[in-house]
Amino acid sequence: MEPSDQNRRQRKPAGATSANTNVRYREMGEMSSSEAEVDEDMEGLIRVPDIEDRRHHKAQSGIRGEMGNVLLLLFLYVLQGIPLGLAGSIPLILQSKHVSYKDQAFFSFVFWPFSLKLFWAPLVDALYFSRFGRRKSWLVPTQYLLGLFMIYLSSTVDSLLQDEGGANVVMLTAVFFMLAFLAATQDIAVDGWALTMLSRENVGYASTCNSVGQTAGYFLGNVLFLALESADFCNKYLRIIPKDTGIVTLSEFLFFWGMVFLVSTTLVAIFKKENEQDKGKRKIPQETQGVLETYKLLISIVKMPTVFTFCTLLLTAKVGFSAADTVTGLKLIEAGVPKEQLALLAVPMVPLQILLPVLISRYTAGPRPLDIFYKAFPFRLLIGLEYAALVWWTPSVKQGPGSFPLYYYGIVLLSYALHQVALYSMYVACMAFHAKVSDPLIGGTYMTLLNTVTNLGGNWPSTLALWLVDPLTSKECQGVAGQSCGSTEEAALCTREGGVCTTTLDGYYVESVVCVVIGLIWWLWLGKKMRRLQEESPAAWKCKMNR
């Protein structure tokens, strides 16, 4: 559930863990995909002589002539998804090591860069070495740094996860935050390069490369890694002779992909000429707005009354889903569900995640796309309560360490599928409204701003939900009179004196109820206000700076 979410990434039950990571990932990728589409629309505004188009059409028969460029773009997006998938797997590994939810909240800041990249995207767009290439000036050093960071992390990650005082969450967060920051910067460069690397007739494949590549990369770095890292999974499905470890370790996985980054980046730097003019391809203007002009434009957009109101609603709309989307999967792992099994439950959801946007877009293509958003909202809130019931029910069906009946996973999968229907209904409706109201003269900046606010509206409630689980949880020390379990030190003292800390009230259930109540209030009060924004005239959404 939501990052991945996004991000989101990120994208819990399969619906939880995989939902969290996949949605967190999706939210993180949602900006790049929509930005590519918007830039494509903007590029269509460029006037190219008809004779040049006819020559280009003759020289460029379909996608075959540019298959090399398409494959390169696809590969670059796959590379981008690898560190994001690895970052999404770390919370699951940390949960199996029984870290606190405050630590999980701290690590969740790793998923913020994709929601904040708007703030440095103008710099990436405007500052470059023209001889080396506008996009390569950022892509090459960024990918080299990604590779070096992954290789460095491969030598230290085991010690960071198995520190004497527990996992070193602060250092893990710092390193993976940098990985996410570099991946977001690489995303900005690749998105821009995609629109000039491909001819006009094939530029639509840029969005396809984005979505397919990021999804594949995230799958490799998250689902596949968690499966191959699990000794239980490998012994059960991939080995004849059982062993105590998985086929790969986190350090080995990081080192391998770090080397892939370094080698592939070197090849791109040497052999791929960004500024070359392929036979029959027209030259694309490289002008761009200045950095200061872009920031002034962003401020002028936010100051518009309709946009300011809409952004405020976007920043608060996902509070009601935060506990279900962020904490559920971690609670299932805490209850004994294997993390690799939850991750693998995301696989059957891929066809559904491909089909849902297509099906839902039929109902959001009209003048009132937010009606679908409003109708799906309470349904998604109810699924949050169902998730809480699922977590409560899980211990009672456990058959042994890490063993659950097949029908249990079927119910988890069904819960996840229902969640995806509600989530994508809201997501597609929101994206359709963004496209409907964005001023076409500044569409790229406008859409990116709205997508950034949408992603932030999912990130901050998720971090807060993780942070509040422990303070809202009540525990008592059984077996030792006068001893409490209110802190980590008190819990350790209880255990040393022969007592056992038992949970009398789980903060997750408190959050689940409170979030649903907040969500219902938002839906009844602010949800109607959001629907009324559809009645505003087109002029209310146009930026006066351009008139």
Report the C-alpha distance between E334 and Y101 in whole Å, list the side-chain angles of each, state the deciding distance to 0.1 Å, and finish with yes or no for side-chain hydrogen bond (donor to acceptor under 3.5 Å, both in side chains). CA-CA 11 Å; E334 188 179 311; Y101 283 93; 2.7 Å; yes
Do F433 and F310 pass the ring-ring contact (aromatic ring centres under 6.0 Å, His included) test, and can you show the C-alpha distance, the side-chain angles, and the key distance before you say yes or no? CA-CA 11 Å; F433 187 71; F310 186 50; 5.1 Å; yes
So does K303 have more than 12 non-hydrogen atoms from other groups sitting under 6.0 Å from NZ? no
Taking atom OH of Y295 as the centre, report whether more than 12 heavy atoms of other residues, nucleotides or ligands fall under 6.0 Å from it.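 Counting other residues, nucleotides and ligands, OH of Y295 exceeds 12 neighbours.
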Is there a donor-acceptor contact under 3.5 Å from the side chain of [X] to the main chain of [Y]?
| X | Y | result |
| --- | --- | --- |
| W138 | L127 | yes |
| S137 | F129 | yes |
| T312 | F308 | yes |
| Y218 | V223 | no |
| K136 | A269 | yes |
| T328 | D325 | no |
| Q420 | M349 | no |
| Y446 | W541 | yes |
| S96 | I93 | yes |
| N168 | L160 | no |

Going through the checks in order, is the side-chain contact (heavy atoms from CB on, under 4.5 Å) test met by L84 and F114? CA-CA 10 Å; L84 302 180; F114 264 78; 3.6 Å; yes
Could you check whether any side-chain heavy atom of [X] comes within less than 4.5 Å of a side-chain heavy atom of [Y], counting everything from C-beta outward?
| X | Y | answer |
| --- | --- | --- |
| P83 | F261 | yes |
| S108 | T173 | no |
| F106 | V170 | yes |
| S264 | F75 | yes |
| L262 | I151 | yes |
| L161 | L94 | yes |
| T454 | Y427 | no |
| W257 | L79 | yes |

To the nearest 0.5 Å, how far apart are [atom1] in [X] and [atom2] in [Y]?
| X | Y | atom1 | atom2 | value |
| --- | --- | --- | --- | --- |
| R135 | T196 | CZ | OG1 | 6.5 Å |
| L224 | L344 | CG | CG | 9.0 Å |
| W193 | L76 | CH2 | CG | 7.0 Å |
| L356 | S361 | CG | OG | 10.5 Å |
| T463 | F111 | OG1 | CZ | 9.5 Å |
| T156 | L172 | OG1 | CG | 8.0 Å |

Heavy-atom pair with the smallest gap, counting every atom of [X] and [Y]:
| X | Y | answer |
| --- | --- | --- |
| E511 | A465 | OE2-O, 2.6 Å |
| V99 | A167 | CG1-CB, 4.2 Å |
| C234 | A227 | SG-O, 3.7 Å |
| I247 | E252 | O-OE1, 4.1 Å |
| S322 | S462 | CB-N, 4.2 Å |
| G88 | N222 | C-ND2, 3.3 Å |

Using side chain to side chain contact (heavy atoms under 4.5 Å, CB included) as the criterion, list what pairs up with L464, not counting sequence neighbours. W460, L468
Tell me whether the NZ or CZ atom of K318 lies within the 45° cone about the ring axis of F321 and under 6.0 Å from its centre. no
Which of F149, W120, F109 passes ring pair (Phe, Tyr, Trp, His ring centres under 6.0 Å) with F181? Answer is W120
Which of N455, L456, V453 passes side chain to side chain contact (heavy atoms under 4.5 Å, CB included) with L314? It is V453
Test: side-chain hydrogen bond (donor to acceptor under 3.5 Å, both in side chains). Region: residues 141-150. Which pairs qualify, not counting sequence neighbours? Q143-Q186, Q143-T265, Y144-T266
Output yes when E293 and K296 qualify as a salt bridge under the 4.0 Å nitrogen-oxygen rule, no when they do not.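 Salt bridge: no.
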Please assess Y387 against V327 for the test side-chain contact (heavy atoms from CB on, under 4.5 Å), listing each intermediate value before the final yes or no. CA-CA 10 Å; Y387 274 1; V327 187; over 6 Å; no
Go through the steps to decide whether V469 and L330 satisfy the test side-chain contact (heavy atoms from CB on, under 4.5 Å), and finish with yes or no. CA-CA 11 Å; V469 172; L330 302 179; over 6 Å; no
Could you check whether Y237 and D232, counting side-chain N and O atoms only, form a donor-acceptor pair closer than 3.5 Å? no
Full working for side-chain contact (heavy atoms from CB on, under 4.5 Å) between M150 and I82: CA-CA 10 Å; M150 294 175 82; I82 297 295; 4.0 Å; yes
